[in-house]
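All ligand and atom numbering here is 1-based and tracks the order in the structure.
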Amino acid sequence: MVSFSRSIYFRCREGYRILFNPVLPTTVPWQSTRGYARHVPRKSSSKRTKYEKSKKYVKYSKPARMILSKSVIAPSDAQRSRWNHDDFRRQKAVVKQFTERQQSTPYLIGPPNAGGFSVLKNIEYEDRLPLNATVARLSSFESLRLLPVVRNALYGRALRQLDEKRPSAIQALAIQKLMRLPSPTVRLAQQGLLAKEDETDEEYYERRRYRKNLNKMKVKLKSFLLAAETGSGKTLAYLLPLFSMLKEEELQSAPAVWGLPERPYIRSIILVPTAELVQQVLVQVKDMCHDIKLASAGLSQESTRGVADGIRKKQIDILVSTPVPLLKLIHRTDWNLLDDCRKIVVDEADSLMDRSFKDETQEILDTPPRLETLVFCSATIPKTFDRTLAQKYPNMERIVAPHLHQIPRRITFSTVDTAAKPFFNDKRKALAETLYNLDRSDTDPGKVKRIVVFVNHRESVSDIVEYLNGLKIPTVGLTRDNSLEERSSLMREFIRPSPLLKDAKDLNLVTGSVKTLRVLVTTDIFSRGIDMQSVRTIILYDVPFSSIDLIHRAGRTGRMGRRGRVILLATKSELRPWLRGLATTINKGYALV
Ligand SMILES: Nc1ncnc2c1ncn2[C@@H]1O[C@H](COP(=O)(O)OP(=O)(O)OP(=O)(O)O)[C@@H](O)[C@H]1O
């Protein structure tokens, strides 16, 4: 094996070539090496793309890391003869030229030839919020501008099991930014333009006149994007400021702020993509709102018509909903149901703004006449989502956590080559063997080990469940075809802490061939947002369609500081060079693209 220290061209995703100059010689295949990279136009001018010919074409190099494949490190004679010796001189020049630009941390350019897998926006280090200074300063909830009633509910309800209650990075940054200015409604109250309990008739008419004029003025919408890695506490990052803002508005004015006291209203909405997430978020909202004294409700495709119609008659501070049922309700109502809605949170925003949901979500966002605060929240920023946001909300404030698009380093990622002996490309065999190994491993001693297996298509679920149960490995399957009750009861089981083995007789573990496992086989319906705290191992039975799916599926484990393990099963045809390098990329903590 030769030591490799020379420039090398890579064909990168967009079809351009990248000239990569390693700084250190490397001899180990798949080793990630540090160097400098720049785009290089194709030699033949007829083959150059419009962009390569344009003046905008960027010529400078950037610090970069690359996973080098075997053919690069141990090249064949034919490959070696193609290398141009001039490159070596050029490499020196490039490095010299860009030593001043070295301050930024090296980033991963992305797996070469990764096809459609890489779809995320590459976020430069400079665009990620610096963690150290700001977050160190905001290391306790007391240092954040939250109403005491909200902080008490947080300590007494959401984080009651924790001895040390500290905000996560995204929570500190989000609360600080969202609570920076009083909301327009609070400002109106401070100017005496909102109803008071004991106002005289003159005051009332005076105030209505002012308000009428103010209402005609367009409210300036403040929009935010909260983006942080999975399991980093984004739900509380938007809930705490939302509770605080709503309560602050209430405390500044009499109950009649929102119109006549008897009139129904919806003051804020949290949009989520699935009925399971409505349930999960609503449980947390209701739990805290019990102490904070705010009214909440939930709406999803599983809600009965009676529940939906009931929402029109209530005074609701926070409505948690999926887009389509809410839109149907808006259409069925002959007044503007969202007349008083001033705040909207779009959770899992990249999914709600993609092709399947975009029109419905946007229609809801355009309905409230006086929307003041709009918060998008996501663990991934795909390129298309980024373009939509830039187009629709150019003034949006982006709160991007430093580790976005990284799979947390406490998660160990490994790949099983199912082509190897003794599986011979039989994935089901490889899965069973992996499960037997996990059964014997010493993670979670004395407890039931919960394992989630993700597949790409729901048709495969029943097949795998049948196979594993045939081998006496206790397995359940879950797809959209199951009823909401079945889905909820399984979700509850996997969300709760793992039971002790001696208490788990009903799981059939005693008669099974494995003694500690409980396996769930499912599709992407379980991959977003669901907070499965006791799941330590995720098995990716199929290679996910894209880096987005990979991040969300892997993110069901290793949540909020816990450890986890992700195992990818890949057949020979799936195990392309970039996929081999993926484990190294992830385990070294590089951001995916
Ligand atoms: N400050 C905190 N300290 C400790 N645990 C916390 C804190 N904030 C939230 N958690 C817990 O962390 C877990 C993950 O939170 P959450 O579900 O909000 O993550 P997320 O970032 O929305 O993940 P995803 O992107 O997968 O939806 C939850 O169980 C939550 O209760």
Just heavy atoms, cut-off under 4.0 Å: does [X] contact ligand 1 by side chain, backbone, both, or neither?
{"X": "L159", "answer": "side chain"}
{"X": "T235", "answer": "both"}
{"X": "I170", "answer": "neither"}

- Task: Please confirm whether Y541 and H457 have ring centers closer than 6.0 angstrom.
- Result: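 Distance test on ring centres: not under 6.0 Å, no.
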
- Check each of R562, R528, H552, R556 against atom 26 (O) of ligand 1 and report the one with the nearest heavy atom.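 Nearest heavy atom to atom 26 (O) of ligand 1 lies in R556.
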
What atoms in ligand 1 come closer than 4.0 Å to a heavy atom of [X]?
{"X": "A379", "answer": "25 (O)"}
{"X": "E348", "answer": "27 (O)"}
{"X": "K234", "answer": "18 (O), 19 (O), 20 (P), 21 (O), 22 (O), 23 (O), 24 (P), 25 (O)"}
{"X": "L162", "answer": "3 (N), 4 (C), 5 (N)"}
{"X": "L236", "answer": "8 (N), 9 (C)"}

- Task: Using side chain to side chain contact (heavy atoms under 4.5 Å, CB included) as the criterion, point out the one residue from K343, E250, M245, R342 that pairs with R267.
- Result: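 Result for side chain to side chain contact (heavy atoms under 4.5 Å, CB included) with R267: E250.
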
- Candidates V476, V535, I451 - the one meeting side chain to side chain contact (heavy atoms under 4.5 Å, CB included) with L520: V476

- Does K286 have any side-chain hydrogen bond (donor to acceptor under 3.5 Å, both in side chains) partners at least two apart in sequence or in another chain, and if so, which?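 Listed in chain order: S296.
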
What protein heavy atom is closest to [atom], reported as residue, atom name and distance in Å?
{"atom": "atom 8 (N) of ligand 1", "result": "Q171 NE2, 2.7 Å"}
{"atom": "atom 1 (N) of ligand 1", "result": "R166 O, 2.8 Å"}
{"atom": "atom 27 (O) of ligand 1", "result": "G529 CA, 3.2 Å"}
{"atom": "atom 7 (C) of ligand 1", "result": "M560 CE, 3.5 Å"}
{"atom": "atom 17 (O) of ligand 1", "result": "R559 NH2, 3.1 Å"}
{"atom": "atom 14 (C) of ligand 1", "result": "D531 OD1, 3.6 Å"}

- Name the orientation class of the two ring planes belonging to F376 and F385 (parallel below 30°, tilted from 30 to 60°, perpendicular beyond 60°).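 F376 vs F385 ring planes: perpendicular.
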
- Query: Would you say K165 contacts ligand 1, with heavy atoms under 4.0 Å as the rule?
  - Reply: no

- Compute the minimum heavy-atom distance from G231 to ligand 1 and say whether it is under 4.0 Å.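 A heavy atom of G231 does come that close to ligand 1.
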
- Would you mind checking if K222 and E397 are paired as a salt bridge, meaning a charged N to carboxylate O distance below 4.0 Å? no

- Message: Quick test of your reading of the model: are D386 and R398 salt-bridged, counting only N-O distances below 4.0 Å?
- Response: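 Yes.
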
- Message: Against R528, only a single residue in D350, T274, D549 fulfils side-chain hydrogen bond (donor to acceptor under 3.5 Å, both in side chains); can you say which?
- Response: D350

- Message: Would you say R450 and S534 are linked by a side-chain donor-acceptor pair, where the criterion is simply a distance under 3.5 Å?
- Response: yes

- Item | Nitrogen or oxygen of T230 less than 3.5 angstrom from that of ligand 1 | no

- Task: Take T235 and Q284, measure what side-chain hydrogen bond (donor to acceptor under 3.5 Å, both in side chains) needs, and give me the verdict at the end.
- Result: CA-CA 9 Å; T235 316; Q284 196 159 7; 4.9 Å; no

- Message: Within the structure provided, determine whether R518 and E493 are in side-chain contact (heavy-atom separation under 4.5 Å).
- Response: yes

